[in-house]
Every structure is written in structure tokens, then in C-alpha cells.
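Quick note on labels: first sequence line is chain A, next is B, and so on, each numbered from 1.
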2 protein chains.
Amino acid sequence: MSASKKPQLIEKALIAFNKGGYQAVGMDRLAKETQTSKTSIYKHFATKDDLIIAVLDHRDEKFRNWFVRRLEELANTPKDQLLAVFDVIDEWFKEEDFKSCMFIRASCEYPDADHPVHQATKRHKRLLLTHVTGLAEQAGTKDPGALARQILMLKEGAILAAHIEGPNGVAANAKSAAKLLVEDATA
Amino acid sequence: MSASKKPQLIEKALIAFNKGGYQAVGMDRLAKETQTSKTSIYKHFATKDDLIIAVLDHRDEKFRNWFVRRLEELANTPKDQLLAVFDVIDEWFKEEDFKSCMFIRASCEYPDADHPVHQATKRHKRLLLTHVTGLAEQAGTKDPGALARQILMLKEGAILAAHIEGPNGVAANAKSAAKLLVEDATA
DNA sequence: TTTGACATTTACCGATCGGTTAATGTGTCA
DNA sequence: TGACACATTAACCGATCGGTAAATGTCAAA
């Protein structure tokens, strides 16, 4: 495999892990589904964990790019973007292959805080928090850090609810909660 | 193993799964940590999944009993109990072996909705929702079902945050959000 | 003391785990 | 055409997976 095919490998591995889970998908199955020999995979990644981390870092970039762009497409002001968070995740929940958040699932499969896979989740969540905190600051809210964390708690609770009970009404209900929080913080 | 030791087996298996994860802990390791031979384990449970489900159902009972009792110890009115949710989970977050919620982790390791382990999570979350909805009704809130779901979304978002970033300030921040929701719903 | 029922241990099953080694293309420059 | 570098394949490694069969221990009734 040429180096130029590495991104395609990551992309296919992402789909496989999202469908089957990190531990449940073994390297043999991964080789099959990515149409790449195990030897070629191990040319690019020293261990399975390294591949998982590459997949997560790729997912982080792709997801945040999409997420922020959709926020900006749906809302003009920072305040409205804080609420648009829940319209954007509603789109996500209704995707065919939605199976919760790949980072949440990673932190559940690798629960020890010092595990490198767990830390990839930490990075992603911190970057999201930074962005939302920025929005809360621009919106002129009382305590931007606290508000951002509250909104992200609603977002992640909504992800779990949508995964376990199905997406119907989940995002809308979280949004109406967020509306109260944002209103109070801008009063 | 006599039938009377089955509860002890479940209890020890719970500890092992909580520490190591459902897939990562194999039956051999489980036999070692529970001081029970594999054959004896399979006398009581046909498959590993059956054991996991028994562990989760046991955890469901134990957790909800503790949770509801602590709510009642900390608050007298239904309205205050809705907020005490976050004081109780704060106690939980600070336990030494806190590693997120065993049901969330189960639904992440077995993400397919029709998997029997995933359904055990569904049962638990529904029973919790029933209780909290009851509190919201007794508190005379506008839309008890919606409020209960919002509070549980905050609770589960807080669980993830406490797991990934550590417990400091998480529950308190979620509580101040819940306070606004409850106030609005009782206005 | 022998027998029968049951609990427990040991050894084992084929499959798969993450990862490696050795052989086999395949294309490039001389 | 020959030789070298490199990409790719297939076969293989010991360990472990979930689960089972056969051997061993234990104890009570006859």
C-alpha cells in the first residue's frame, strides 16, 4: 500500500469500528473490510491502538468541521448557534448508521483515564468545549464556561438517549432546556 | 457451587466487569477473580451474555434502591428531590472505583439496539425515567415527562463528563442547570 | 461400606486475538 | 536482461476467546 492510501484505510477503518465496535472488530476482519492486508496495515500503524487513535483523530477533525459549519449555516448570532447545536445533532441522530458518538464509545471501551484511546476522547471533548465556550463568550453570557459545559452535558445526554431510546423528540427536548439556560445567562 | 452462592458470583462478576469492561474480561479471568471454576459458572448461566445480563439486572436493583433512598434522605419534597439527583450522583462520582455508568458502558460495547445486553440498559433507563417522571408529576410541573427526560439528560451528560474529565464541579454545574428547568416548570 | 448424586477441577475444543516472518509479486533503473 | 527496492500476500506465532467433556472429589442415604 502506498502512503497515499493511508487516508482511505483510516476512512474504511472508521466505518468498520463505528459499525462493530473497537474491540469486537479484530485486525483480520479489519483487513478484509478495508481490502488491505494486515501486513500493510502494520506498515502504517505499529499497534491496533495506534490505528484506533488515528481513526479518532480523523473523526475529530471531520466531525468538528461539519459541526461548526452546520452551526454557522443554521444560525447567524453566537446565541442562536448555541441553540442550533441541538438542530445539528438532530440531523446526526437521524443518519442511518448513527450508533452514538465514537468518542463516548471509545471512552467506554477503554475506561482507564490514562489509556491513549481514552485520551483521544478527552482531546475531542476539550476542543468542542473550547468552541462552545467561545460562542458563549461572544453571546455575552454571565459565565461562558459554565454555560458551555451545561450545553455539552445536554448534548451528550441527548446522544445517549437517542442511541438507547431512538432519536424521536430527543434533540428538541434538549433544545428547549438549553433555551432556558441561554435566556437566563443573557438576561 | 451451591445455588446459594450464585448471588456472590454475580456480585464478584459485577466488580470485575466494572473494573475491566465486559468484553475485555474473559471467562477465564472471571473464573479466577470470582474464585469459581468456569464449569460452575456455566452451571448457572448458559452464556457469557446471560451472566452479563444477570449482573446488569442486579446492578439495576441495587443502584435504584440506593439512588431513591438517598434522594429521600436528602430532600423532603418531590421538587427538591428532582434537584437532589445531582447531589446523589456527586457522591457516586467521588467513589474510588467510579468508571462511568455500567449501563452506558454496556450499551456502548453492545451498540445494536436488539442485543439482549443493550436491552438490559434500556430497561434500567426506563425504570429511572418512570421514577423521575413520578417526582415531576408530584411536583406539579407543566410537562412532567419532558422535564424528567431533561433532568436525566443532564444526569447522563454529567456521568460522561465526570468519567472523561474528572468529577470536580460537574454535578454542581448540572444541578444549577436543573434548578432553572425545575423553577420554570413550576412557575 | 458401598453406591449414587452432585459439585468441582482439569484438560481440552476449534476459533480468533494482536502481531510477525518468510515468500512472492511488481516496477525501476542500469 | 539483470538486479535491487519495495509493496503485498499467505502462512504462521503463542495467547486467549467462549464453551465443553471427562475425570475427580465429596457427602449422604442405604
Calculate the interatomic distance between [X] atom [atom1] and [N] atom [atom2]; express it in whole Å.
X       : N      : atom1 : atom2 : answer
A:Lys6  : D:dA7  : NZ    : C1'   : 16 Å
A:His44 : D:dC6  : NE2   : P     : 14 Å
A:Lys32 : C:dT16 : NZ    : C1'   : 11 Å
B:Ile41 : C:dA7  : CD1   : P     : 15 Å
A:Lys43 : D:dA5  : NZ    : P     : 15 Å

Pairing residues for A:His124 by the ring-ring contact (aromatic ring centres under 6.0 Å, His included) criterion, not counting sequence neighbours: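 Per chain and number, A:His124 pairs via ring-ring contact (aromatic ring centres under 6.0 Å, His included) with A:Phe63, A:Phe103.
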
Salt-bridge test for [X] and [Y]: reply yes if a basic N is under 4.0 Å from a carboxylate O, no otherwise.
X        : Y        : value
B:Lys19  : B:Asp97  : no
A:Lys12  : A:Glu33  : no
A:Arg105 : A:Glu109 : no

Between the protein and nucleotides 18-20 of chain C, which nitrogen or oxygen pairs come in under 3.5 angstrom?
residue : atom : partner : partner atom : Å
C:dG18  : OP1  : A:Lys48 : NZ           : 2.4
C:dG18  : OP2  : A:Met27 : N            : 2.7
C:dG19  : OP2  : A:Tyr42 : OH           : 2.9
C:dG19  : OP2  : A:Lys48 : N            : 2.7
C:dG19  : N7   : A:Lys38 : NZ           : 2.7
C:dG19  : O6   : A:Lys38 : NZ           : 2.0

Only pairs under 3.5 Å count here: list side-chain donor-acceptor contacts from residues 179-186 of chain B, not counting sequence neighbours, and write none if there are none.
residue  : atom : partner  : partner atom : Å
B:Asp184 : OD2  : B:Lys142 : NZ           : 3.4
B:Thr186 : OG1  : B:Val182 : O            : 2.9
B:Thr186 : OG1  : B:Glu183 : O            : 3.2

Student check: side-chain heavy atoms of B:Ile10 and B:Asp57 closer than 4.5 Å: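 No, side chains not in contact.
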
Under the side-chain contact (heavy atoms from CB on, under 4.5 Å) test, residues paired with B:Lys32 that sit two or more places apart: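 Scan of B:Lys32 (side-chain contact (heavy atoms from CB on, under 4.5 Å), adjacent residues dropped) gives none.
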
Could you note down all residue pairs passing side-chain hydrogen bond (donor to acceptor under 3.5 Å, both in side chains) where residues 126-139 of chain B supplies at least one of them, sequence neighbours left out? A:Glu165-B:Arg126

Contact residues, residues 110-119 of chain A to DNA chain D [heavy atom, < 4.0 Å]: none

Hey, does the side chain of B:Ser40 come within less than 4.0 Å of C:dA7's phosphate (OP1/OP2), counting only N and O?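 B:Ser40 to C:dA7 OP1/OP2: no side-chain N or O under 4.0 Å.
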
